[in-house]
Amino acid sequence: MLIKDVQFTTNDKTVNFFRYGINEADVDKFKDFFHHPFSPGDLYRFVIEHSIQLSVPFEEFLTEILMLSDEKLNAEHGEGFWIDHWTYNLDLIESYLSIYPDKEGELFFETRYRFFDSPAYVNPKETKYVLKDGKVHQFFAVQIDNEKQKRQYETNEQWVREQYGKGEIYETNLFSKLVLLAVIKTATIAPYGLGIEMEAGKPGWNDALNGLPGLFGSSTSELYELKRLILQLKSVNKLSNGSVVLPIETQELIEGLAKAIQNSKRHTEEEEITFWKELTKIRDSYRSLLRSGISGNNLEISLEAAFDLIRILENQVDYAIEKVERYKKQNLVPTYFYFDIQCKDDNQNEITKIKPHAVTPFLEGVVKKMKSTNSFEEAEKIYNSIRQSEIFDKKLEMYKTSMSMAEEPIELGRIRFFTPGWLENESVFLHMEYKYLLELLNKGLTEQFFKDIQTCLVPFMDPAIYGRSIIENSSFIASSANPDSSIHGNGFVARLSGSTVEFLHMWKIMFIGDKPFDYNPENEQLKFCLQPTLPKWLFKEDGTISFTLFSKIKVTYHNISGRDAFYKDGVKPVRYHIRYENGQELVVDEHEIVGEVARDIRNKRVNHIIVDLNN
């Protein structure tokens, strides 16, 4: 699915232009501008090109305009549905709540969300299961409804509507959408619980495994992410007045899945296959029901009943994770499985036997496993196992995408045709390596993190070996698995996405902490606390280090004792010196700031914060 630029439409009569200091001549220009859909960039360019003077910062003006606008989504099917794209939504939610924990109820229950009405749909098993060379494969997984696609192109209408497309745009809350997402993903757990099926014809992050979906491939990464989604739903304040509100057409899926999980018997291979067939039937039936749209009638589930449902889903996910972890190799969980399918009398829909194969471990699955644990000891054990495995490149002291692929079947995809140490075949993909480094920091493996970044982060590399500027990221680095030793450590294909985002997340945890704000709903008290994770060698000789918070507030740490700022015996904030925009100064002799002062910081009414660090 390809999300294009988001456009906005605004009724100029709702905008009070004079509130922003805009003169009458420029008001007429704006009215012409707002007659057409626009993007934030279009609006900024318009203001610059017409030399329009605003009495407020442009960001404030833009925020007000977008609040008065309707969002117009432009999207198309593109190349298909990757199995992992949904997981990035969880990152966005966590990032938002780390700054606005007091707006949890508003985020999950009060804000209205829509459903994208895709012209593409996943075919049922009768269509996509194909018998080839005596084996069952999964081809032709996705199909386009050409009539719907043409209609959407002509009307530029892409939201699900009531009355089977003829009524109002259907809306619900975010919590409801996430519960439905958890239900659907649980219904797509692979045979024996071994990961999430690649049932829509695309793999996940690793595009080079493009043959895996045809082999009934599955991924454990998304299984761990599903567990993460369930935990996120369980963490929502149960005192909320919200509820789950979904189209009535989801009732059969939700109730059918819950009943199947609760009544399942999976003690034998035959019972496992029977259970998987039942889940396949339930989701195929649900998709068939949605082909004609929705009526607009609702299924409403109380919050109490919703948490009961979430517990049922969690039981199924925990069962699956336990199954996955039985396939460890060198004490590392597999990221991918594929399945040999046998059928009765050459009828690909009469499946009688399913044999799983674990693909050699990839760093990706290990990262997701580490991400899902709350145990420092377990995270440390995973780290040590990786260092002792083939994933660790001992020559470069970096982390490769996987162990050797030499013994894997070529049907897995183009990855098998790449030279080892090149592209996705045992090279060092910065995006994934940086995800791993981030998890070391997240799990408190601080000494290991600061040791590894000196050989893994591009700024620490030798430019002569890296082969390009060390202020520029690459897509991948040729590892020592490559037969050409002259390119070992060379970076290839300049890239700004992926690894850059992970680097910024590392920076945030190092300088700010993962969750600088906390909120107690009982007394409605907001708290702000900086939680630096910094080694003593990063501080200047005078014991200080500075950064900019929220693009405006200068923060200076003063390391009084000159020790590391991590672990129990490390230095921590003990005093805040706060300087406001109006010159007012305030000293808080605590490790955290509460109440209105915390809100002042979040609202950027503060210019400078000096933080004393001590034991």
Side-chain angles (χ1 to χ4, degrees), residues 1 75 77 80-81 83 86 114-131 136-152 157-167 169-170 172 176-177 179-191 196-202 213-214 216 218 244-261 263-264 273-299 301 309 313 316 341 343 347-351:
M1 182 61 61
H77 177 249
F81 299 102
I83 189 174
W86 65 274
R114 301 172 177 180
F115 290 88
F116 178 71
D117 191 13
S118 176
Y121 59 92
V122 180
N123 276 318
K125 63 182 178 64
E126 290 81 9
T127 302
K128 64 180 180 177
Y129 291 0
V130 178
L131 194 64
V136 181
H137 292 74
Q138 184 174 237
F139 299 146
F140 316 114
V142 175
Q143 192 165 327
I144 303 292
D145 185 331
N146 293 319
E147 184 179 334
K148 176 187 279 190
Q149 189 175 55
K150 180 181 178 183
R151 183 171 65 251
Q152 289 183 343
E157 176 57 65
Q158 295 181 304
W159 299 115
V160 170
R161 289 181 174 271
E162 300 173 359
Q163 299 176 25
Y164 306 101
K166 299 178 181 179
I169 294 174
Y170 186 86
T172 187
S176 300
K177 290 199 71 174
V179 168
L180 180 58
L181 175 62
V183 167
I184 291 171
K185 293 303 174 183
T186 303
T188 58
I189 290 179
I196 300 290
E197 288 187 52
M198 298 178 181
E199 53 153 8
K202 291 290 185 181
F216 287 87
S218 67
V244 170
V245 180
L246 290 167
I248 193 67
E249 288 78 10
T250 64
Q251 184 170 7
E252 181 181 324
L253 169 70
I254 294 171
E255 294 181 354
L257 176 64
K259 183 178 180 181
I261 294 171
N263 296 338
S264 65
I273 295 174
T274 298
F275 176 70
W276 172 74
K277 285 180 177 178
E278 187 174 2
L279 296 195
T280 302
K281 182 179 179 180
I282 289 170
R283 68 176 187 253
D284 279 354
S285 175
Y286 168 66
R287 287 167 177 156
S288 176
L289 184 63
L290 287 183
R291 285 292 308 281
S292 57
I294 63 170
S295 64
N297 297 323
N298 285 329
L299 166 68
I301 305 173
L309 171 64
L313 302 181
Q316 168 65 1
I341 309 290
C343 60
N347 182 348
Q348 63 267 29
N349 294 310
E350 288 296 325
I351 294 172

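Here the structure is a predicted model, which is why all the values come from computation and not from measurement.
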**Study point:** Any Pro124 side-chain heavy atom under 4.5 Å of Arg287 side chain
**Key:** no

Check your understanding: Quick one: are Phe275 and Thr280 in side-chain contact, heavy atoms under 4.5 Å?
Key ->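 No, side chains not in contact.
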
Exercise for review: Would you check if the distance from the ring center of Tyr129 to the ring center of Phe216 is below 6.0 Å?
Suggested key: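 Ring centres of Phe216 and Tyr129 closer than 6.0 Å.
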
With no hydrogens and no angle check, is any side-chain donor or acceptor of [X] less than 3.5 Å from a backbone partner on [Y]?
X	Y	value
Gln138	Pro213	yes
Arg114	Trp159	no
Thr186	Ala182	yes
Asn123	Phe140	yes
Asp284	Lys125	yes

Check your understanding: Does Arg151 pair with Glu157 as a salt bridge, N-O distance under 4.0 Å?
Key -> no

Review point. Residues in side-chain hydrogen bond (donor to acceptor under 3.5 Å, both in side chains) with Trp276, at least two apart?
Key: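 Counting only residues at least two positions away or on another chain, Trp276 forms a side-chain hydrogen bond (donor to acceptor under 3.5 Å, both in side chains) with Glu197.
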
Exercise for review: Could you go through the side-chain hydrogen bond (donor to acceptor under 3.5 Å, both in side chains) check for Glu162 and Ser295 one step at a time?
Suggested key: CA-CA 5 Å; Glu162 300 173 359; Ser295 64; over 6 Å; no

Check your understanding: Quick one: which of Lys148, Arg161, Gln158 gives a side chain to side chain donor-acceptor pair (under 3.5 Å) with Asp117?
Key ->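 Of Lys148, Arg161, Gln158, side chain to side chain donor-acceptor pair (under 3.5 Å) with Asp117 is met by Lys148 alone.
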
